[in-house]
J.: 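Structure in structure tokens, see below.
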Amino acid sequence: MCSWTRPARRFLSTDLQALDAWIASPKSLVLTDTFHSNHLSDLHITLPTRDGTRGRPFASPVEGTPLGFGHHLAFFHPRNPEASLRTDGTDADFCPPEPFSRRMWAGGTMTWNKDWALKVGEKAAAVSTVANIEKKGFEAGNPMIFVKQRIEVTVEGRSEPAMVEERTHVYQPSVTSIRRRVPRQVNNLPKSEFSLSYTPTLTTLFRFSALTFNGHHIHLDKDYAQKVEGYPERLVHGPLTALMLLESLIYHRPKAQLRAFSYRAHNPIFVNCAATIHGAIVAKDKAELWCENDEGLVGMTGVIEFDE
């Protein structure tokens, strides 16, 4: 499999001054949403674990029942006019200034409050802040900005969040030349005890983009993915792969009550390429999962803590 990166551009002092000013500025965003069963039904029919094609009938979510783990990802999205989006189709919220215009989802965590489970039909608020910003690679000529966003989801009328998510995006500058990059190797994974294979098609990517109100061109526009980002094909959404890690454990351990989830992206997963989620129970309350392509290259790893 081929993957690609780009050499760094030379920065002007004004670029760095603008970046430092952005880092120092306060950042927060409050969004409200309702976990509508119709929207969740669209998510369920998009996920290969719930679409009724694997011997388990499709079932629309019922109001008052627990929200699927990670299914909040289909809610709480900024509603910005198209003219306010960045050139790659993404929202500008929590994004550093130019020239850091290339965004990738690097990883994250989720924790659930077992006493305040989210439920279908409930109205909730997501309070987003920036937990950390880190500059890396500037001295080595490969500048990157890591932005960790913290999101607390609290149901209307309650004082404690029902779940807390942290997601990390990495931003890189846009430049013109492209060079080949060696894929990252992931070692020391446990022996697979269960697995689930699927192929994320262009329809899958379109549906998930629509569900999450995500206009990032890298998922939908082949010319953009190849000519601007330097990838051979459109990329599968990082949160979709993370959600599939969660879904795969629940598919094989349906009574599991998740407490915490951490995950990291290692290599891109491309559209129309077969992917397999592997998992292993490494302790009585812990599972390791990973997604690999049909060549065995690992795209994402995750650890889930759970009760049964």
Side-chain angles (χ1 to χ4, degrees), residues 3-6 8 15 18-29 31 70 72-78 80 84-111 126-138 142-153 164-175 181 184 205 208-209 211-221 224-225 228-231 234-243 245 261-269 291 299-302:
S3 58
W4 307 81
T5 189
R6 295 164 180 260
D15 293 333
L19 176 61
D20 290 338
W22 175 81
I23 291 174
S25 65
K27 305 166 190 64
S28 64
L29 182 66
L31 298 168
H72 71 285
L73 289 167
F75 300 88
F76 308 115
H77 305 293
N80 296 315
S84 299
L85 301 179
R86 289 157 66 96
T87 56
D88 63 355
T90 59
D91 295 290
D93 305 277
F94 302 113
C95 295
E98 294 287 348
F100 292 92
S101 59
R102 297 170 55 228
R103 186 185 81 174
M104 295 294 293
W105 194 297
T109 65
M110 299 179 195
T111 57
V127 179
S128 300
T129 56
V130 172
N132 185 55
I133 300 174
E134 189 174 2
K135 294 191 291 187
K136 292 184 179 181
F138 278 69
N142 185 31
M144 297 178 287
I145 308 296
F146 287 79
V147 179
K148 180 184 289 186
Q149 182 182 351
R150 179 181 173 87
I151 305 167
E152 297 186 355
V153 179
V164 177
E165 179 189 0
E166 288 187 344
R167 58 181 68 162
T168 299
H169 290 100
V170 58
Y171 296 88
Q172 294 177 281
S174 57
V175 289
R181 182 186 65 182
R184 300 183 184 93
L205 270 58
F208 196 76
S209 289
L211 283 163
T212 57
F213 209 56
N214 181 356
H216 198 178
H217 298 171
I218 203 168
H219 305 303
L220 301 173
D221 187 335
Y224 175 87
V228 177
E229 295 283 357
Y231 289 102
R234 288 150 288 193
L235 270 61
V236 177
H237 309 70
L240 175 56
T241 302
L243 184 53
L245 297 183
F261 173 46
S262 61
Y263 64 96
R264 180 183 176 187
H266 300 276
N267 293 290
I269 301 294
C291 177
M300 181 176 287
T301 56

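For this chain, numbers begin at 1 and follow the sequence in order. Just the heavy atoms: all of them, side chains too, but no hydrogens, waters or symmetry mates, feed the values below.
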J.: side-chain contact (heavy atoms from CB on, under 4.5 Å) for Met104 and Ile218? Distances and angles first, verdict last.
T.: CA-CA 10 Å; Met104 295 294 293; Ile218 203 168; 4.1 Å; yes

J.: Please check if the side chain of Lys27 supplies one atom and the backbone of Trp22 the other of a donor-acceptor pair under 3.5 Å.
T.: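 Yes.
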
J.: Which heavy atom of Ser128 sits nearest to which heavy atom of Ile151, and what is that distance?
T.: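 Closest approach of Ser128 to Ile151: OG-CG1, 3.5 Å.
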
J.: Less than 4.5 Å apart, side chain to side chain, heavy atoms only: is that true for Leu245 and Phe261?
T.: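 With C-beta onward as the side chain, the pair touches.
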
J.: Apply ring pair (Phe, Tyr, Trp, His ring centres under 6.0 Å) to Phe208 and list each qualifying residue two or more places apart in sequence or on a separate chain.
T.: His237

J.: If we only count heavy atoms from C-beta on, is the Gln149 to Leu29 side-chain gap below 4.5 Å?
T.: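 Side chain of Gln149 against side chain of Leu29, heavy atoms only: no contact under 4.5 Å found.
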
J.: Output all residues satisfying side-chain contact (heavy atoms from CB on, under 4.5 Å) with Arg86, sequence neighbours left out; order by chain, then residue number.
T.: Asp88, Thr90, Ala92, Cys95, Ser101, Tyr171

J.: Look only at the side chain of Arg150 and the backbone of Ala131, and say whether a donor-acceptor pair between them is shorter than 3.5 Å.
T.: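 Looks like no, no N/O pair under 3.5 Å.
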
J.: Do the side chains of Ile269 and Leu240 get nearer than 4.5 Å, heavy atoms only?
T.: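 Heavy-atom side-chain distance check fails, nothing below 4.5 Å.
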
J.: Would you find a donor on one side and an acceptor on the other, under 3.5 Å apart, between the side chain of His77 and the backbone of Thr212?
T.: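 Indeed, once roles are kept as given, a pair shorter than 3.5 Å links the two residues.
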
J.: Report yes if the side chains of Leu19 and Ile23 come closer than 4.5 Å at any heavy-atom pair, otherwise no.
T.: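 Yes, their side chains come closer than 4.5 Å.
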
J.: Looking at side-chain heavy atoms only, is the closest gap between Leu31 and Pro78 below 4.5 Å?
T.: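 SC-SC contact between Leu31 and Pro78 confirmed.
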
J.: Measuring from atom CG of Leu85 to atom CG of Asp91, what distance do you get when rounded to the nearest 0.5 angstrom?
T.: 5.5 Å

J.: Please report the closest heavy-atom contact between Lys135 and Ile145, naming both atoms and the distance.
T.: CG-CD1, 3.5 Å

J.: Hey, what do you get for CZ (Arg184) to NE2 (His266), rounding to the nearest 0.5 Å?
T.: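 Result: 9.0 Å between the selected atoms.
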
J.: Strictly distance-based, threshold 3.5 Å: is any side-chain N or O of His216 a donor or acceptor partner for the main-chain N or O of Gly89?
T.: no

